[in-house]
There are 2 protein chains.
Amino acid sequence: MIPQDLLQSIEENFHPLSSACKEEMLSMAKLHQQKKHSVLVREGQYSHQTFYLISGCARAYYLHDGKEVTDWIAFEGEFISAIVSFFSDRPSPHYIELLEDSILVEFQRDQVEALADRYHEFERLLRKIVTQTMLKQQEKIASIQFHSAEERYKKLLDIRPDITKRVPLTHIASYLGITLETLSRIRRPHR
Amino acid sequence: MIPQDLLQSIEENFHPLSSACKEEMLSMAKLHQQKKHSVLVREGQYSHQTFYLISGCARAYYLHDGKEVTDWIAFEGEFISAIVSFFSDRPSPHYIELLEDSILVEFQRDQVEALADRYHEFERLLRKIVTQTMLKQQEKIASIQFHSAEERYKKLLDIRPDITKRVPLTHIASYLGITLETLSRIRRPHR
DNA sequence: TAATACATTTGATATAAATCAAATTCTATC
DNA sequence: GATAGAATTTGATTTATATCAAATGTATTA
């Protein structure tokens, strides 16, 4: 079964789980296959799901003055969720949209919480995931405040050289906090 | 004893703990009294402590191109730590400095982790604290990217009207990601 | 394969905020 | 209370990036 990938990547990146816990975790996982451009979450919805990408990619975005602002992009092996709604139980400002045909695993928050009630080790896993996310955001803040648009783009390419092949530039620009035009100029062979 | 405040604020803001757990938590808390300008953590150190402010205030900053960048300011009732070192066990890029005479409670990470091993409820508390921090950062990112310097300053004043009386403008400017001069102009009675 | 929508580039101009430099005001202490 | 150092304000200029507008390039589908 495919979600083996999920378990393996979780155990590698975070920490090992007992087989009982893993089994329960798998039993609550719902496997989907979805087409490019599918919208998993819409603004205003309560989203009590989090998604793990087996393959494909997705973005989270919200509307600001009528414009789309992409603030999260996830690829295979990563999670994506409507962060505000999922974690603080409010209507989602975010949309989540697939950028490629994808295979994904869906988890319900209630079930996740119930598992965290029953397994201390799973509670710890969640803490680690959240801690890692927090540290990434910490870096993102520093990067927005003290690096130029060009530096941020280059850094992104270091981490994900294939991103320009998989994600439209508009979304990348937005994710970097710059306009499409500025990104285009940055990409132009120098001078 | 003073750390009652700590327990109360934790239980109010996050969730209740059993008395056994609370007792152990208190037993590992170390109470300090420190003068303004004391430096709690220096760049390059491994900092395995986190600090809770009973009274006073503090900032975390790092050096970027020789300039101080303040990226966290905490007041009484809040935590402050050398976030990178504490959470990912690397040498700290941050300094932590007191901005007023302060009374603070110090926790050692090893002891915190040991308590999290023994008490599932404490593990959950940690998860909640980290989740809340992550959501705050999420907001900060949006605020840097889509609000002007002036809007960010006004919002800060809404949350902490007394901040200009307690924290030098240089640090506030830096915290907002703008220069001291720009902040000064924003503050000038309009036009 | 033509037609149409979508994505990207290019150009001209505007603007918020940075930078550099100096003056002023505040504050701590001898 | 005088004075040195720190903090803040003010002014002139520069700069990175945004904005507006249009042209070009690339997919998708009828």
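This is a predicted model, so every value here is computed, not measured. Per chain, numbering begins at 1; letters A, B, ... match sequence-line order.
- Contact check of residues 170-180 of chain B against DNA chain C (heavy atom, cut-off under 4.0 Å) returns B:G177, B:I178, B:T179.
- To the nearest 0.5 Å, atom CG of residue B:D110 and atom CD of residue B:Q49 are 10.0 Å apart.
- Among residues two or more places apart in sequence or in another chain, the side-chain hydrogen bond (donor to acceptor under 3.5 Å, both in side chains) test is passed with A:Y62 by none.
- In this structure, B:S184 reaches the D:dT9 phosphate: one of its side-chain N or O atoms is under 4.0 Å from OP1 or OP2.
- A donor-acceptor distance shorter than 3.5 angstrom exists from the side chain of A:S88 to the backbone of A:V84, with no hydrogens or angles considered.
- Looking at residues two or more places apart in sequence or on another chain, you find no side-chain hydrogen bond (donor to acceptor under 3.5 Å, both in side chains) involving B:R42.
- In this structure, a donor-acceptor pair under 3.5 Å is present between the side chains of B:Y52 and B:S9.
- Five base pairs at each end of the helix from C:dT1-D:dA30 to C:dC30-D:dG1 define two local axes, and these are offset by 40° (rounded to 10°).
- Within 6.0 Å of the CD atom in B:Q108, the count of heavy atoms belonging to other residues, nucleotides or ligands exceeds 12.
- Here the C1' atom of nucleotide C:dT8 and the CD1 atom of A:I186 are 14 Å apart, to the nearest Å.
- The number of heavy atoms from other shown groups lying within 6.0 Å of CD (B:E106) is above 12.
- For A:E78, there are no side-chain hydrogen bond (donor to acceptor under 3.5 Å, both in side chains) partners two or more places apart in sequence or in a different chain.
- Rounding to whole angstrom units, CG of residue A:L183 and P of C:dA7 are separated by 14 Å.
- Of the residues A:L31, A:L6, A:I54, A:L40, the one that meets the side chain to side chain contact (heavy atoms under 4.5 Å, CB included) test with A:L104 is A:L40.
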- Task: Do nucleotides 21-30 of chain C as a string where each nucleotide becomes B, S or -: B if the base has a protein heavy atom under 4.0 Å, S if just the sugar-phosphate does, - if no protein is that close.
- Result: B---------
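- B:H147 and A:H64 have perpendicular rings, their planes meeting at more than 60° on a 0 to 90° scale where under 30° would count as parallel.
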